[in-house]
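Beneath this line is the structure, given in structure tokens, with notes to follow.
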Amino acid sequence: MKVTLKDGSSKEYSQAMSVIDIAKDISEGLARVACAAELDGTVVDLRTVVDGEHELNILTFDSDAGKAAYRHTASHVLAQAVKRLYPDAKCAIGPAIDEGFYYDFDMESLDRESLDKIEKEMKKIVKEGAALERFTLPRKEAIEFMKKREEPYKVELIEDLPEDAEISFYQQGEFVDLCAGPHLMSTKPLKAMKLISSSGAYWRGSEKNKMLTRVYGTAYTKKADLDAYLEHLEDIKKRDHNKLGRELELFTTVDVIGQGLPLLMPNGVKIVQKLQRWIEDEETKRGYMRTKTPIMAKSDLYKISGHWDHYKDGMFVLGDEEKDKEVFALRPMTCPFQYYVYKASQKSYRDLPCRYGETSTLFRNEDSGEMHGLTRVRQFTISEGHLIVRPDQMVQEFKDCIALAQYCLQTLGVEEDVTYHLSKWDPDNREKYIGEPEVWEETEGHIRQMLQELDIEFTEEVGEAAFYGPKIDINAKNVYGKEDTMITIQWDALLAEQFDMYYIDEKGDKVRPYIIHRTSVGCYERTLAWLIEKYAGAFPTWLCPEQVRVLPISEKYLEYANKVEEELKNNGIECSVDGRSEKIGYKIREARLKKIPYMLVVGQKEEEEGVVSVRSRYKGDEGQKALDTFIDEICKEIRTKEIRKVEIETEGAK
């Protein structure tokens, strides 16, 4: 038996050996920190027996797969602790995830005190150092085994497996769990663990199933690394748009209105209005024509487009096809509507490209388990656009759409935070898509070549395309690490046929155009959430709902403060006066907590000299300035959409 190691060296043995024994032969130190292994590129358990010739890479906690095995073992320790403390709890699933692990239980909800109690028991289990032993059973025996242990969720999982499947289990002490692995050899190497939180989660992610109790935790090999992660979590809490958005009175949600239907409050509306006006003006500069189309249509429209067959479950349908003469649906997208704007008059090759833009309110029937703040909602507004172009114009217009998206990202200061993805069709799932394979291959090839020419790093994602064409998805992660699509640019060579769209070419013949579906900044609600978390609520000045707060030292200077406010408002600056009978230090602290960029303190000297004392979240005390000078400076900052560097620490943001 021969194995080739990662560094190119090889080891030969006279008989088959387990991965852990090979690790021990290489180095006892390596064996102590081994978590799993890669055998010919496939992640395997340390107990895996190796025979023949193979490539072997021993994985430690420094690798993603090693972390997963380490944390998966920690999830089993969590389950064992729960079963000891709450014997009637039923175990569901407990995988490793990017930042740690979780385990779902059918049991009562858990508060922080209960989590601390479980955590204490976990440490006791680790100290016991029980070995994890793997064994297998035939499917029928595995079902009976879990029935005797009164674990109905495990039974259900096993019953979903093929009749001839061999089922693997891992046992540590008195605890046995259904599991494919891989795992550590024992619980002993688990050093630094922390239970983070507890929440509800539907069994198998379906709201039709029972709500279980999910416990989140994490594990590290060093306490210092755990402490750094916990500190990171505290920063996340400060930036979480759900928390911060409510504190800054940007949005709220109400149960009687419905999940996924947030209410934007005046401050939030101001930010969205600034974004919307900026985008609409920028699109107009780039040759876009504005449309305004209905928020609903008859099912006939969606049947032509193909959405009825491919997307109906994601739509809000009004009426019943079996009972009603006409059935309507709230629109999940604007493209079919804008096609009829195009078709309203005959177009020649000279009229193209036609660039239509619309600030569109859309509706999508997302699963309740997917709802999250402003990032996943059922009603949202989007900077939607459709370009109807000649085939010879397609590549350049598509590149221009990428350029517009990049301009928007750069202006918002988030261009470094995104990743690009070429979302392709899945040839093994033909029912999901329309069109022939050669059309998909050609269009995907065009997008791939464009991204390469523009020197944009990207990944390719099979099965993520729209049903009518491939696309570029520009994604960003929220503070919790979940990735959302922010901007999409789609290549469509198919829907013009279904809507009988054409233009007259130079020869007088009817020719099918191509279509680009795109957004400039994407969904305004999701973008607002992104910006809240990016800037911890301390938005660039041009976006702030309140850009300046005037702070009179006492009521004697309220009249001058009001004059300053009036002059600021005359120059289009969002401002207010804090005329309360409070100490100036209190007023300054409150303005900081509201993330207001500038505070203008006014008293006797300022009134006599016609100046203002400027305090900012950027530099702190910026000294006295003539009011006209301050206005000129802030107006330039707003006009150029400057993102000023923060040089001092303020509450909640640096």
- [ ] Verify the distance criterion only: is there a donor paired with an acceptor across the side chains of E174 and Q80 at less than 3.5 Å?
- [x] yes

TODO: Flag the pair E461 and K424 as a salt bridge only when some basic side-chain nitrogen lies within less than 4.0 angstrom of an acidic carboxylate oxygen.
DONE: no

Open item on the list: Between R47 (side chain only) and L132 (backbone N and O only), is there a donor and an acceptor less than 3.5 Å apart?
Closed with: yes

Task: Euclidean distance, H232 NE2 relative to D227 CG, rounded to 0.5 Å - done: 14.5 Å

Open item on the list: I'd like to know whether R204 forms a salt bridge (Lys or Arg N to Asp or Glu O under 4.0 Å) with D160, so could you lay out the CA-CA distance, the side-chain angles of the two residues, the decisive distance to 0.1 Å, and finally the verdict.
Closed with: CA-CA 13 Å; R204 292 190 154 182; D160 286 347; 2.5 Å; yes

- [ ] Inspect the surroundings of CD in E55 and state if more than 12 heavy atoms from other residues, nucleotides or ligands are less than 6.0 Å away.
- [x] no

Task: Criterion salt bridge (charged side-chain N to carboxylate O under 4.0 Å, His left out) against K90, the qualifying member of E150, E151, E108 - done: E150

Task: Intermediate values then yes/no, salt bridge (Lys or Arg N to Asp or Glu O under 4.0 Å), E247 and K243 - done: CA-CA 6 Å; E247 289 175 358; K243 176 179 180 289; 2.7 Å; yes

Open item on the list: With no hydrogens and no angle check, just 3.5 Å: does a side-chain donor-acceptor pair link Q490 and S423?
Closed with: no

TODO: Could you tell me whether D225 and K223 have a side-chain N and a carboxylate O separated by less than 4.0 Å?
DONE: no

Task: Short side-chain to backbone donor-acceptor contact, E119 and L195, under 3.5 Å - done: yes

- [ ] Look at the side chain of T73 and the backbone N and O of A69, then say whether any donor-acceptor pair between them is shorter than 3.5 Å.
- [x] yes

Task: Student check: side-chain heavy atoms of L184 and L190 closer than 4.5 Å - done: yes

TODO: Answer with yes or no after comparing the ring centroid distance for F169 and F145 against a 6.0 Å cut-off, counting only values under it.
DONE: yes

- [ ] Can you measure from CG (L137) to CD1 (I143) and round to the nearest 0.5 angstrom?
- [x] 11.0 Å

- [ ] State which residue, out of R149, K154, K83, fulfils the side-chain hydrogen bond (donor to acceptor under 3.5 Å, both in side chains) condition with D177.
- [x] K154

Task: Test item: Y229 side-chain N/O and T218 main-chain N/O as donor-acceptor pair under 3.5 Å - done: no

Open item on the list: Quick check: closest heavy atoms across P540 and I643, and the distance to 0.1 Å?
Closed with: CG-CG1, 4.1 Å

- [ ] Give a yes or no on this: more than 12 heavy atoms of other residues, nucleotides or ligands lie within 6.0 Å of atom CG of N209.
- [x] yes

Task: salt_bridge(K594, E546) N-O dist < 4.0 Å - done: no

TODO: Flag yes if more than 12 heavy atoms outside K6 fall under 6.0 Å of its NZ atom; otherwise flag no.
DONE: no

Task: Row check, Y220 ring normal vs R71 NZ/CZ: under 6.0 Å, within 45° - done: yes

TODO: Taking the side chain as every heavy atom from C-beta outward, state whether L230 and L233 have any pair of such atoms under 4.5 Å apart.
DONE: yes

TODO: Decide yes or no for H421 and N475: does some side-chain heavy atom of the first lie under 4.5 Å from some side-chain heavy atom of the second?
DONE: yes

Task: Qualifying residue for side chain to side chain contact (heavy atoms under 4.5 Å, CB included) with L409, from V521, I487, D417 - done: I487

TODO: Answer yes if the side chains of E166 and S168 hold a donor-acceptor pair under 3.5 Å, and no otherwise.
DONE: no

Task: Side-chain ion pair, D116 and K120, N-O less than 4.0 Å - done: no

TODO: Answer with yes or no after comparing the ring centroid distance for H307 and F467 against a 6.0 Å cut-off, counting only values under it.
DONE: yes

Task: Over 12 non-hydrogen atoms of neighbours within 6.0 angstrom of NZ in K477 - done: no

Task: Over-ring placement of K67 relative to F61, 6.0 Å and 45° cut-offs - done: yes

TODO: Please determine if D484 and K482 form a salt bridge, counting it only when a charged side-chain N lies under 4.0 Å from a carboxylate O.
DONE: yes

Open item on the list: When you compare the side chain of V43 with that of P182, does any pair of heavy atoms fall below 4.5 Å?
Closed with: yes

Open item on the list: Could you tell me if E156 and W203 have a donor-acceptor pair between their side chains, going purely by distance under 3.5 Å?
Closed with: yes

Open item on the list: As an exercise, state the distance from OG1 of T419 to CD1 of I474, rounded to the nearest 0.5 Å.
Closed with: 9.0 Å

Task: Salt-bridge present (D45, R134; N to O < 4.0 Å) - done: no

TODO: Decide salt bridge (Lys or Arg N to Asp or Glu O under 4.0 Å) for E121 and R84; before the verdict, give the C-alpha distance in whole Å, the side-chain angles of both, and the deciding distance to 0.1 Å.
DONE: CA-CA 8 Å; E121 188 65 30; R84 281 185 179 182; 3.0 Å; yes

Task: Check: N267 and L248 side chains under 4.5 Å, non-hydrogen atoms - done: no

Task: Approximate separation, where rounding is to 0.5 Å, of L528 CG and C523 SG - done: 9.5 Å

- [ ] Please test D426 against Y433 for side-chain hydrogen bond (donor to acceptor under 3.5 Å, both in side chains), starting from the C-alpha separation and ending with a verdict.
- [x] CA-CA 8 Å; D426 182 356; Y433 306 96; 5.8 Å; no

- [ ] Drop me the distance from Y535's OH to K595's NZ, to the nearest 0.5 angstrom.
- [x] 14.0 Å

- [ ] Measure from NZ or CZ of K117 to the centre of the six-membered ring of Y86, then state whether that distance is under 6.0 Å and the direction lies within 45° of the axis.
- [x] yes

Open item on the list: Can you confirm whether L250 sits close enough to M265 that some side-chain heavy atom of one is under 4.5 Å from a side-chain heavy atom of the other?
Closed with: no

- [ ] Mind checking the OG-OH spacing from S383 to Y524? Nearest 0.5 Å is all I need.
- [x] 4.5 Å

Open item on the list: Using the rule side chain to side chain contact (heavy atoms under 4.5 Å, CB included), only one of Q379, R331, R364, R378 pairs with F316; which is it?
Closed with: R378

Task: Sole residue of Y103, Y102, Y202 in side chain to side chain contact (heavy atoms under 4.5 Å, CB included) with R214 - done: Y102

Open item on the list: With a 4.0 Å cut-off on N to O distance, would you call R139 and E163 a salt bridge?
Closed with: yes

Open item on the list: Regarding R246 and T253, do their side chains bring together a donor and an acceptor under 3.5 Å, going by distance alone?
Closed with: yes

Task: V272 vs T381 side-chain heavy atoms within contact, under 4.5 Å - done: no

Open item on the list: When you compare the side chain of Q172 with that of H76, does any pair of heavy atoms fall below 4.5 Å?
Closed with: yes

TODO: Determine whether the side chains of D473 and Y420 contain a donor N or O and an acceptor N or O closer than 3.5 Å.
DONE: no

